[in-house]
Amino acid sequence: MTIIDPELDDRSYTHLLTLLSVSAAMVGVCLTAVGLVSVIESLNKIQTWVDDLLAIGSLVFSLVTLLSFLGIRTRIRRWRRFTLVLDILFCLGISTMVIASLLLTYYVI
């Protein structure tokens, strides 16, 4: 029988809850940005790249949202690799948004 540290379990729960709320908000940010990019018609060539990057970011954040919800509702959150995978996916989504923002800013200015 494995003894689980309640403090560690509470921290894991809080971490997953934070990932759930932030990644859900980032889905909305990505989808809003996709709509705003389509308004800028002067970016005919790069517009596709920015839209694609933002769409990929939205999918990654949706996956993090789903997995963190499952982690909260099940005992998966006790797996150390589960939290690590969620953190990596979240960082990947943020990196995608940074690259899309840099491309958008470079070609607008």
**OP:** Among Ile, Leu, Val, Met, Phe, Trp and Tyr joined by side-chain contacts under 4.5 Å, find the other residues sharing a cluster with Leu84 and list them by chain and number.
**Re:**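 Ile88, which link up through side-chain heavy atoms under 4.5 Å apart, make up the rest of the cluster.
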Original post:
Mind checking what makes side-chain contact (heavy atoms from CB on, under 4.5 Å) contact with Leu59, not counting sequence neighbours?
Top reply: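 Partners of Leu59 by the side-chain contact (heavy atoms from CB on, under 4.5 Å) criterion come out as none, since no residue qualifies.
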**OP:** List in chain and number order the residues that pass side-chain contact (heavy atoms from CB on, under 4.5 Å) with Ile94, two or more places apart in sequence or in another chain; answer none if no residue qualifies.
**Re:**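 Scan of Ile94 (side-chain contact (heavy atoms from CB on, under 4.5 Å), adjacent residues dropped) gives Met26, Phe61, Phe90, Val98.
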Quick one: [atom1] on [X] to [atom2] on [Y], what's the gap to the nearest 0.5 Å?
X: Phe69; Y: Leu16; atom1: CZ; atom2: CG; answer: 12.0 Å
X: Thr83; Y: Arg11; atom1: OG1; atom2: CZ; answer: 10.5 Å
X: Asp51; Y: Ile56; atom1: CG; atom2: CD1; answer: 11.0 Å
X: Ser68; Y: Leu19; atom1: OG; atom2: CG; answer: 6.0 Å
X: Leu63; Y: Leu92; atom1: CG; atom2: CG; answer: 10.0 Å
X: Thr14; Y: Ile72; atom1: OG1; atom2: CD1; answer: 9.0 Å

Original post:
For the residue pair Cys30 and Gly57, what are the closest heavy atoms and their distance?
Top reply: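 Nearest heavy atoms, Cys30 then Gly57: SG-C, 3.9 Å.
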**OP:** Any pair with a residue in residues 22-37 that passes side-chain hydrogen bond (donor to acceptor under 3.5 Å, both in side chains), sequence neighbours left out, goes on the list, sorted by first then second residue, please.
**Re:**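 Residue pairs passing side-chain hydrogen bond (donor to acceptor under 3.5 Å, both in side chains), neighbours aside: Ser23-Thr65.
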**OP:** Check whether any side-chain heavy atom of Leu53 lies under 4.5 Å from a side-chain heavy atom of Met97, and answer yes or no.
**Re:**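 Heavy-atom side-chain distance check fails, nothing below 4.5 Å.
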Original post:
Quick one: does Ser58's side chain have a donor or acceptor within less than 3.5 Å of a partner on Leu54's backbone?
Top reply: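 Looks like no, no N/O pair under 3.5 Å.
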